[in-house]
Visitor: 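Encoded as structure tokens, here's the structure I'll be asking about.
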Amino acid sequence: MKDKKVIVGITGGIAAYKAAELVRLLVRAGADTSVAMTANATRFVTPLTFEALSGNRVVWDMFGHEGTSIDHISWGQDADLIIVAPATANFIAKMAHGIADDFLSTMVLAATARIMVCPSMNSKMFENLAVQNNLGQLKEMGVAVMEPSEGELACHTEGPGRLPEPEDIFEQAWALLLRQDLSGLNILVTAGPTVEPIDPVRYITNRSTGKMGYALARAAWRRGASVRLVSGPTALNPPYGVTFFSVKTAEEMRQAVLKNRTDCDVIIKAAAVSDYRPKESARHKIKKGADRVTLELVKNPDILAQLGSKKKASPCVLVGFAAETKDLLDNAKEKLKAKNLDMIIANDVSRDDAGFESDTNKIKVIYRDGRVEDAPLMTKDEVADLVLDRIKPLTG
Ligand code: CTP
């Protein structure tokens with residue numbers, strides 16, 4: 001979000017405290033973030049909090065000393081996005097009817113920036129026809145309305161009306177700031193390790209954390225794709241917006257992938273699938289006994305090779321990842337050919353700054369026609385966008 005200007009508009013609801021985290025996330029992502037508050041919002045959280053978090057002046061009084069005479073016009077015209085979170089029923093009504101009686105409502109009325117509204121209120125209030133009609137009117141005006149989540153509300157009732165978590169608002173906002181250049185595409189991503197049980201308490205696995213696959217799924221969703229993520233066990237939260245399938249073993253991953261592949265335009269296999277599994281998985285914990293024990297392993301199915309062999313019957317762009325510790329290019333090229341892929345991303349997992357556990361990656365993109373593109377060291381989020389940029393032309 002480095003070159004983006006974002007305004008967070010805060011209205012007077014108890015969820016105003018969550019806006020502090022939203023501002024922090026936007027600032028951390030590099031957005032130039034400013035905050036405008038209604039007078040009632042300042043009763044819940046002080047402007048000083050937002051000033052400290054955003055590093056920018058906070059405006060809440062149209063005629064106060066803290067603004068200049070044209071801020072209410074220029075703010076919304078200089079910004080890329082305005083996020084009203086939380087948006088009370090009253091503020092939504094004012095927006096829907098063009099009422100401009102304070103700084104925030106006037107600024108929103110004069111804005112040319114994209115506007116996103118996050119309603120937050122008691123569920124009966126939210127379901128009231130007046131509020132629903134006003135939200136319908138906002139949607140017709142081109143405002144993006146983020147549905148509230150359900151759950152326990154501050155008034156001790158349950159139902160729709162909770163402000164979504166700041167991380168989810170942030171993801172929606174990010175998607176609104178991006179060109180939806182992958183919209184219409186169905187993308188299936190696999191991520192993480194697989195675990196192969198030895199007995200109920202032990203298993204074989206590998207060092208994959210899932211970071212690369214999750215970054216790909218997140219970036220694809222932000223760019224408008226419909227994304228399914230099949231993941232082995234990781235410590236990561238499923239990215240917002242993606243349909244998530246949790247699996248453990250290679251066989252479970254194979255089944256989940258085969259079940260979901262039919263309508264896919266692109267399959268990206270970033271998972272580190274265990275090549276072998278114990279021949280037997282003991283029903284009970286194996287007790288300590290002999291000084292030496294031998295574990296017999298049998299080969300797991302190669303999911304990507306299976307997809308590659310059926311490419312004629314179900315055509316889609318197939319992308320693999322090659323994790324190597326030596327002969328990177330030769331091994332990766334060999335895998336691309338053997339598994340009938342359109343592209344393979346080779347990474348040297350012996351480097352400290354690439355591959356497993358790292359937040360950065362150093363990749364080579366290898367195409368079917370033999371071309372190789374050497375990318376510089378990048379964050380995994382940047383790598384994800386680069387990989388998607390390269391995949392897009394292949395989707396025809
Ligand atoms: N892969 C797969 N099923 C397997 C093994 C690998 O789908 N049983 C996929 C991975 O998700 C990855 C690609 O194949 O996209 C290459 O995986 P990698 O572990 O680098 O190579 P392998 O084919 O397993 O060969 P080796 O372990 O000998 O390097």
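Small disclaimer: the values here were computed from a predicted structure and weren't measured. Note that these values count all heavy atoms, side chains included, but never hydrogens, waters or copies made by symmetry. All ligand and atom numbering here is 1-based and tracks the order in the structure.
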Visitor: Give the atom numbers and elements of ligand 1 that come within less than 4.0 Å of a heavy atom of Ala322.
Guide: 20 (O)
Visitor: Check whether more than 12 heavy atoms from other residues, nucleotides or ligands sit under 6.0 Å from atom CG of Asp291, and answer yes or no.
Guide: no
Visitor: With a 4.0 Å cut-off on heavy atoms, does Pro301 reach ligand 1?
Guide: yes
Visitor: If you measure from CD1 on Ile391 to CG on Leu386, what distance do you get to the nearest 0.5 Å?
Guide: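 Those atoms lie 10.0 Å apart.
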Visitor: Which residue and non-hydrogen atom of the protein lie closest to atom 24 (O) of ligand 1, and at what distance in Å?
Guide: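 Among all protein heavy atoms, the one nearest atom 24 (O) of ligand 1 is Asp275 OD1, 2.9 Å.
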Visitor: Can you pull out the closest protein heavy atom to atom 16 (C) of ligand 1? Residue, atom name and distance to 0.1 Å, please.
Guide: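 The protein heavy atom lying closest is Phe321 O, 2.9 Å.
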Visitor: List in chain and number order the residues that pass ring-ring contact (aromatic ring centres under 6.0 Å, His included) with Tyr240, two or more places apart in sequence or in another chain; answer none if no residue qualifies.
Guide: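 By the ring-ring contact (aromatic ring centres under 6.0 Å, His included) rule, Tyr240 matches Trp221.
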Visitor: Does ligand 1 have any atom sitting under 4.0 Å from a heavy atom of Lys339?
Guide: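 Flag set, Lys339 near ligand 1.
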Visitor: Does the side chain of Arg218 reach to within under 4.5 Å of the side chain of Trp174, using non-hydrogen atoms?
Guide: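 SC-SC contact between Arg218 and Trp174 ruled out.
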Visitor: Under 4.0 Å from atom 19 (O) of ligand 1, is there any protein heavy atom?
Guide: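 Within 4.0 Å: no protein heavy atom nearby.
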Visitor: Give a yes or no on whether Tyr203 atom OH has more than 12 heavy-atom contacts from other residues, nucleotides or ligands under 6.0 Å away.
Guide: no
Visitor: Students should be able to answer this: which protein heavy-atom is nearest to atom 3 (N) of ligand 1, and at what distance?
Guide: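 Heavy-atom neighbour on the protein nearest atom 3 (N) of ligand 1: Ile303 N, 3.1 Å.
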Visitor: Rounded at 0.5 Å granularity, tell me how far CE in Met95 sits from OG1 in Thr11.
Guide: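 So the gap between those two atoms works out to 10.5 Å.
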Visitor: State whether the side chain of Asn347 and the backbone N or O of Ile363 hold a donor-acceptor pair below 3.5 Å, judged by distance alone.
Guide: no
Visitor: Determine yes or no for a side-chain-to-main-chain donor-acceptor pair under 3.5 angstrom, with Glu382 supplying the side chain and Thr379 the backbone.
Guide: yes
Visitor: As an exercise, identify every atom of ligand 1 less than 4.0 angstrom from a heavy atom of Gly320.
Guide: 15 (O)
Visitor: For atom 11 (O) of ligand 1, which of Ala323, Ala332, Ala271, Gly308 has the closest heavy atom?
Guide: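 Minimum heavy-atom distance to atom 11 (O) of ligand 1 goes to Ala271.
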Visitor: Would you check whether Ser274 has a nitrogen or oxygen atom less than 3.5 angstrom from a nitrogen or oxygen atom of ligand 1?
Guide: no
Visitor: So do Ser246 and Phe244 actually touch side chain to side chain, heavy atoms under 4.5 Å?
Guide: yes
Visitor: Considering only protein heavy atoms, which is closest to atom 2 (C) of ligand 1, and at what distance to one decimal place?
Guide: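 Among all protein heavy atoms, the one nearest atom 2 (C) of ligand 1 is Asp302 OD1, 3.4 Å.
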Visitor: For atom 15 (O) of ligand 1, what is the closest protein heavy atom, and at what distance to 0.1 Å?
Guide: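 The protein heavy atom lying closest is Lys269 O, 2.7 Å.
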Visitor: Quick check on contacts: which atoms of ligand 1 are under 4.0 angstrom from a heavy atom of Leu304?
Guide: 2 (C), 7 (O), 9 (C), 13 (C), 14 (O), 15 (O)
Visitor: So which protein heavy atom does atom 25 (O) of ligand 1 come closest to, and at what separation?
Guide: Lys335 CE, 3.5 Å
